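No experiment lies behind these values; they were computed from the predicted model shown. Numbered from 1 within each chain, the chains take letters A, B, ... in sequence-line order.
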Number of protein chains: 2
Amino acid sequence: MMRRSALSSRLERYLQLTEDERDALDWAERREVRVPAGMVLMEQGGGVDTLFVVQQGWLHSSTNLKSGGRQILRFHYPGDLIGTSSIAWAQAANTLTAVSDCIVSELSKVNLGRIFKAQPRLAGLLYAMAAAENVAMADRLASIGRTDAIERLATLLLDILARLRVTAGGVIESFDLPLTQKDIGDAVGLTKVHVNRTLGEMERRGMIERSGRRIRIVNEAELIAFTGFVDRYATVATDWLPQPTALAA
Amino acid sequence: MMRRSALSSRLERYLQLTEDERDALDWAERREVRVPAGMVLMEQGGGVDTLFVVQQGWLHSSTNLKSGGRQILRFHYPGDLIGTSSIAWAQAANTLTAVSDCIVSELSKVNLGRIFKAQPRLAGLLYAMAAAENVAMADRLASIGRTDAIERLATLLLDILARLRVTAGGVIESFDLPLTQKDIGDAVGLTKVHVNRTLGEMERRGMIERSGRRIRIVNEAELIAFTGFVDRYATVATDWLPQPTALAA
DNA sequence: CGCCTGTTTGAGAAGACTCAAAACGGGTGG
DNA sequence: CCACCCGTTTTGAGTCTTCTCAAACAGGCG
């Protein structure tokens, strides 16, 4: 009755879902919302009682600091379950902004609770993905805390590339970055000026090529070796999950 | 039959658990392990199929970078469920090291799966805590990415203090930091030398007082205002959770 | 008492930041 | 179709924070 949700496709990468499970997911999602690029979907500190599933496009979550600065925390792509801070609080912990034109669908907290009750295997899978999210966050922490500008940017580019590939399917080598250098800086903890110089330096060293906002990674394997980048989304363990509910059917 | 787990006490802060829920938790934990200060409980890259519940003492999780550096990702206190990266992978994503003498108990992935199946409300609560963990991580990212040495250290101290208070109960004002300045630096992304100078500077400014490794925060309210610190563990929303299973009983 | 680890201090170097201005590019209105 | 305008990118010069290297100092333990 409804278009298949990007969330079920995402979960299906890790596990063959039952019909019941798919239905439970698709049923839980309501009200698709179009979010044009640049629009704020959820504001830090605002009240929330719903999560969102990204169906199309990408967004980022960010925090604003008292000191005036901004930190971009994470980019979100189709299949991601976002706004999860509303699971733990009634106020949004951070701001969600559309990077490109997006379509997201709402998934209310209460419906999530129903899924947890009726589909324990899905609950476990969602928990595993939250754990993966945590580790991805830890990677970024290590990148920003302990590496220099070049390595931070290289890691960011590899991360974005890996995530875009999931959606795009094929092997992409170059991609459009609809981010300003200010945005990039806010993501990796650098000034826009220094981002600019560093990108220039990376180009000079032959690590990347640029034309406008299109970026090509010249030698990906080499860059991965250089940064030690690990794609945390490639696989997720599912061996421990309970049996699906409707096994009898 | 078994000592009440620190995990159920933790969850009980947010929600009154049923007998069944408490039993399910306590039953799932096996084999208490004593971990002396400094010992590595789990090594990055090593195989794992179990989580741990911290019962006593504290630990930290860290990553080692190719470049030789180390990033301490998070400190763990009684009631924390740790090693959660094993939920998503068979290999540990990071290293767990005891900061003080600890007691932890094992909670196998499979038993976690059983809890998810039998006690959906607990599953939801664990998911909420993972979401809270994510936001706490985001806070650290913003701190390290966008603030200077003094603010980073101030935030770290406030964070540790807030977490210690939960365990200690009463109002603590000063506390022992069983961390070397190297450790502190690895946590906030600074060199040990710079940590030393910055702590000195903070003392000179009257923000903290030190004697040995004991630290006293002189004016906590002021420091909280200065850093914009938020304790993410104070409350967790529970309104969306499904009803407990054994409601009929 | 000496050793070892961790802390403190010094001096110089490097990376990243600020302020400022110029160049670029895409979009709008004349 | 062109001129203008705005946000973004690029470049320059100088400063500041943090790092590196190095050595002295302190404290606990065998």
(message) Test of understanding: with salt bridge (charged side-chain N to carboxylate O under 4.0 Å, His left out), list the residues that count as partners of Asp148(B), not counting sequence neighbours.
(response) none

(request) Give the rounded distance in Å between these two atoms: CG of Leu190(A) and C1' of dT18(D). (result) 14 Å

(request) With sequence neighbours excluded, give me every side chain to side chain donor-acceptor pair (under 3.5 Å) pair touching residues 99-108 of chain B. (result) Glu29(B)-Ser105(B), Arg31(B)-Glu106(B), Gln55(B)-Ser105(B)

(message) Rounded to the nearest 0.5 Å, what separates atom CZ in Phe226(A) from atom CD in Glu220(A)?
(response) 15.0 Å

Using a 3.5 Å cut-off and no angle test, enumerate the donor-acceptor pairs between side-chain atoms of residues 151-164 of chain A and protein atoms at least two apart in sequence or in another chain.
| unit_1 | atom_1 | unit_2 | atom_2 | d |
| --- | --- | --- | --- | --- |
| Arg152(A) | NE | Thr147(A) | O | 3.0 |
| Arg152(A) | NH1 | Val188(A) | O | 2.9 |
| Arg152(A) | NH1 | Gly189(A) | O | 3.1 |
| Arg152(A) | NH2 | Ile144(A) | O | 3.3 |
| Arg152(A) | NH2 | Thr147(A) | O | 3.3 |
| Thr155(A) | OG1 | Glu151(A) | O | 2.8 |
| Arg163(A) | NH2 | Phe75(A) | O | 3.1 |
| Arg163(A) | NH2 | Asp80(A) | OD2 | 3.1 |

(message) Any donor-acceptor pair under 3.5 Å linking the side-chain atoms of Ser174(B) with those of Arg214(B)?
(response) yes

(request) Find out whether Met207(A) and Ile150(A) are in side-chain contact, i.e. whether some heavy atom of one side chain is under 4.5 Å from a heavy atom of the other. (result) yes

Below 3.5 Å between N/O atoms, which protein atoms pair up with nucleotides 7-9 of chain D? Just atom names and distances, please.
| unit_1 | atom_1 | unit_2 | atom_2 | d |
| --- | --- | --- | --- | --- |
| dT8(D) | O3' | Arg213(A) | NH2 | 3.2 |
| dT9(D) | OP1 | Arg213(A) | NE | 3.3 |
| dT9(D) | OP1 | Arg213(A) | NH2 | 3.4 |
| dT9(D) | OP2 | Gln181(A) | N | 2.8 |

(request) Compare all side-chain heavy atoms of Met137(A) with those of Leu73(A) and state whether any distance is below 4.5 angstrom. (result) yes

(request) In whole angstrom, give the distance that lies between atom CD of Glu201(B) and atom P of dT18(D). (result) 11 Å

(request) Go through DNA chain C in 5' to 3' direction and return only the first and the last nucleotide with some atom under 4.0 Å of chain A's heavy atoms. (result) dA16(C) to dC19(C)

(message) Within the 4.0 Å limit for protein heavy atoms, which parts of nucleotides 22-30 of chain D are touched? Write it as a string from 5' to 3', B for base, S for sugar-phosphate only, - for none.
(response) ---------

(request) Check ring-ring contact (aromatic ring centres under 6.0 Å, His included) between Tyr77(B) and all other residues, then give those that pass, not counting sequence neighbours. (result) Trp58(B)

(request) Evaluate whether atom CD of Glu203(B) has more than 12 neighbouring non-hydrogen atoms of other residues, nucleotides or ligands under 6.0 angstrom away. (result) yes

(request) Estimate the overall bend of the helix from dC1(C)-dG30(D) to dG30(C)-dC1(D) from the end axes over five pairs each, rounded to 10 degrees. (result) 30°

(message) Could you check whether any side-chain heavy atom of Asp183(B) comes within less than 4.5 Å of a side-chain heavy atom of Leu177(B), counting everything from C-beta outward?
(response) no

(request) Tell me which residues in residues 141-157 of chain B put a heavy atom below 4.0 Å from DNA chain D, sorted by number, or none. (result) Asp148(B), Ala149(B)

(message) List the residues meeting side chain to side chain contact (heavy atoms under 4.5 Å, CB included) with Ser85(B), not counting sequence neighbours, and say none if there are none.
(response) Val135(A), Trp89(B), Ala93(B)

(request) Determine yes or no for a side-chain-to-main-chain donor-acceptor pair under 3.5 angstrom, with Arg140(B) supplying the side chain and Ala187(B) the backbone. (result) yes

Side chains of residues 40-54 of chain A: which donor-acceptor partners sit under 3.5 Å, not counting sequence neighbours?
| unit_1 | atom_1 | unit_2 | atom_2 | d |
| --- | --- | --- | --- | --- |
| Gln44(A) | OE1 | Asn64(A) | N | 3.0 |
| Thr50(A) | OG1 | Leu107(A) | O | 3.3 |

(request) Please tell me if the side chains of Asp186(B) and Gln71(B) come closer than 4.5 Å, counting only heavy atoms from C-beta onward. (result) no

Counting only pairs under 3.5 Å, give me each side-chain donor-acceptor contact of residues 190-198 of chain B, with atom names and distances, residues two or more places apart or in other chains.
| unit_1 | atom_1 | unit_2 | atom_2 | d |
| --- | --- | --- | --- | --- |
| Asn196(B) | ND2 | Gln181(B) | OE1 | 2.9 |
| Thr198(B) | OG1 | His194(B) | O | 2.6 |

